Amino acid sequence: MKIKRPDKTTRILTAILLLCSASFSQMSGSDKVNWRWQQCVLSAINEFPHRGGYYTGGKPNATFSQTTWQGLHRAFRMSTTDSKPEFCPQAAQPSFCSSATYGVLIKALLLWDTADAISTQAWRNMKPYVGIRDELNPNGLGQDDGVGFWGRANANGPALAVLVKEIDAGFSFSAYRGALNDSVKETSTERYLTDEEWRNHDVWKRAVRGDIMKIFWNRNASRGHDGGAIIGYDGVRGHLQEAGHSVIFLGISTTGKVMYWSSNGPGSDPAHMGYSVGSCDPTDIQRVVFTRILRPERFDGVRNIPPDNINTYLYELNGIRHSNTDELKRQIGEK
C-alpha cells in the first residue's frame, strides 16, 4: 500500500505548536498546558500514514488483509528483552477511531520519554493484548472494554479521560448541550442549548491543539433522536446508544469548525478512509470530553494496571448499562 505524507493542515498545525514555549503555561482560568507534550502529540500524528483504510470488522476480508486489532499487534513491537517498544504506524492499517488515538498516545509517549521515565513493566502493560499469542502474551489474552490499558483506550464513554484520571497524568473537562426530548433528559430542568449558546460555550475556548477529545455526535438534525446524549451501550435492543468518536483536537478554524485528527469513517469507500483530518460544526456535537495530559511521566503508573485489570465503570458501558453526566464527571475527576 502506498503511504502518503500527512496532509497540509496537520503539518501547518504542528509547525504552529512548535513555536510555543516548552514549559507549562497558563491558559484561560487555571488551565495549564505542557507544551512539550502537546508538541509530541502533533509530531506523532505526522508519523502516521494518510488514510490506510477504516475497518471495525473482526476478520480479514477482500478489502483488508488484516483487522485493525492485528495491525495494532504488528505495530507495537516489544520482546521480553526490550526495555521499551517501538511503534510502527505504517503497520497499524486499517484502523478505527480509538485505535488511532491509542496509537498516537503510544507514539507520543515514545517521542517524549527520552529520559526513560516510563518503566519496562509500564510499557509491557500498554501493549494491546488482542488475543494473539506472543512472548509478552503467551496465553493469547484479549482485552474487552475497560480491561487493561488497551481496553480502557478502546472503551465507550470517556475512555482515555478515565485512564488519565486513574494515573493522575492530567485533567479533563466536559460540556453537554442537553437533551432535546423529554424522554432522554436527566433532570426536569435540563435545557437543550441554542445553536448560538453551544457555539459560544466556554469549552471550545479552553481546548488546546493536541488535547484528546471524545465526541458524542448530535443526531437530532440527521436522525431525529438524542443519541448524542447517551453515554455507553446498555445492550438493550431498541434503546438509544452512544454514538461516539475518539479524536485528537486540532483547534477551531476561522470559519468556526471544530478540527480534529483520527481514523475517520465509516463510509461507502472504507479502503480510502482512515487516518485523516476531519471537521464539523460544534452543533454536530451534543456532548464533548477533552483530556489534557500534563505529566506524561505518570504513565509509569500503568505498571500497576496489569493486562487483566478491570475498570468496572468502563467495562459496564459495553453491554451492561448507560452512564449519566454527573457520574461521567466523577469518573474523569471534573469538579
Side-chain angles (χ1 to χ4, degrees), residues 37 40-49 52-56 66-78 84-113 118 122-132 136-137 141-167 169-170 172 210-215 244-249 260-265 274-276 289 291-293 296 299 301-302 305 307 309 311 314-315 317-318:
W37 169 254
C40 287
V41 171
L42 296 192
S43 294
I45 288 174
N46 275 352
E47 296 200 24
F48 278 70
Y54 178 94
Y55 187 48
T56 60
Q66 66 178 10
T67 68
T68 295
W69 288 269
Q70 290 169 332
L72 280 182
H73 173 77
R74 291 183 57 229
F76 192 102
R77 299 172 178 178
M78 186 177 189
K84 63 172 58 177
E86 294 180 357
F87 190 88
C88 178
Q90 287 72 26
Q93 302 179 77
S95 57
F96 47 70
C97 66
S98 52
S99 78
T101 50
Y102 163 85
V104 162
L105 178 58
I106 294 296
K107 193 67 180 177
L109 286 168
L110 288 167
L111 292 172
W112 174 85
D113 193 24
I118 299 174
W123 284 118
R124 288 178 178 174
N125 289 348
M126 283 188 244
K127 170 186 169 63
Y129 288 77
V130 295
I132 300 174
L136 298 184
N137 188 13
L141 174 70
Q143 293 171 316
D144 291 331
D145 285 15
V147 181
F149 186 90
W150 160 242
R152 284 161 166 80
N154 192 39
N156 293 319
L160 286 170
V162 172
L163 172 64
V164 168
K165 167 67 165 53
E166 281 185 282
I167 60 175
S172 298
D211 286 350
I212 297 166
M213 180 184 185
K214 177 62 182 282
I215 292 170
H245 197 28
S246 178
V247 308
I248 304 296
F249 178 70
Y260 55 84
W261 178 93
S262 186
S263 177
N264 296 307
Y275 301 124
S276 57
V289 179
T291 298
R292 187 170 308 155
I293 293 168
F299 276 81
V302 179
I305 303 178
N309 177 269
N311 179 286
L314 296 179
Y315 181 82
L317 295 184
N318 186 32

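What you see is a predicted model; the values in this text were computed from it and never measured. What's counted below: heavy atoms across the whole structure, side chains too, no hydrogens, waters or symmetry copies.
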Distance-minimising heavy-atom pair for [X] and [Y]:
X: S262; Y: H245; result: OG-CE1, 3.8 Å
X: A100; Y: S263; result: CB-N, 3.5 Å
X: A153; Y: S98; result: O-CB, 3.7 Å
X: G210; Y: I248; result: CA-CG2, 3.9 Å
X: A155; Y: L314; result: CB-CB, 3.9 Å
X: C97; Y: Y54; result: N-CE1, 4.1 Å

If I take atom [atom1] from residue [X] and atom [atom2] from residue [Y], how far apart are they, to the nearest 0.5 angstrom?
X: K165; Y: S172; atom1: NZ; atom2: OG; answer: 10.0 Å
X: N264; Y: F96; atom1: CG; atom2: CZ; answer: 14.0 Å
X: E166; Y: N309; atom1: CD; atom2: CG; answer: 7.0 Å
X: I45; Y: S276; atom1: CD1; atom2: OG; answer: 11.0 Å
X: T67; Y: H73; atom1: OG1; atom2: NE2; answer: 10.5 Å

Would a distance-only check, ignoring hydrogens and angles, find a side-chain to backbone donor-acceptor pair under 3.5 Å from [X] to [Y]?
X: K84; Y: D113; result: yes
X: Q70; Y: I132; result: no
X: N137; Y: Y129; result: no
X: Q93; Y: G71; result: no
X: Q90; Y: E47; result: yes
X: K107; Y: F87; result: yes

| task | Look at the rings of F48 and Y275 and say which category their plane angle falls in: under 30° parallel, 30 to 60° tilted, over 60° perpendicular. | result |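 Rings of F48 and Y275: perpendicular, as their planes differ by over 60°.
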
Between [Y] and [X], is there a side-chain heavy-atom distance shorter than 4.5 Å?
X: N154; Y: Y102; answer: no
X: P307; Y: Q143; answer: yes
X: I106; Y: M126; answer: yes
X: L111; Y: W37; answer: no
X: I212; Y: V104; answer: no
X: R124; Y: P85; answer: no
X: L317; Y: D145; answer: no

| Between F76 and W123, is the gap from one ring center to the other below 6.0 Å? |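 No - the distance between ring centres of F76 and W123 does not fall below the 6.0 Å cut-off.
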
| query | Judged by modelled atom types alone, do T68 and S99 share a side-chain donor-acceptor pair under 3.5 Å? | reply |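 There is no such pair between these side chains.
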
| message | Going by side chain to side chain contact (heavy atoms under 4.5 Å, CB included), F149 matches just one of N125, I305, L105. Which one? | response |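 Considering N125, I305, L105, a side chain to side chain contact (heavy atoms under 4.5 Å, CB included) with F149 is found only for L105.
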
| message | Determine whether M78 and K127 satisfy the following criterion, side-chain contact (heavy atoms from CB on, under 4.5 Å), listing intermediate values before the conclusion. | response | CA-CA 8 Å; M78 186 177 189; K127 170 186 169 63; over 6 Å; no

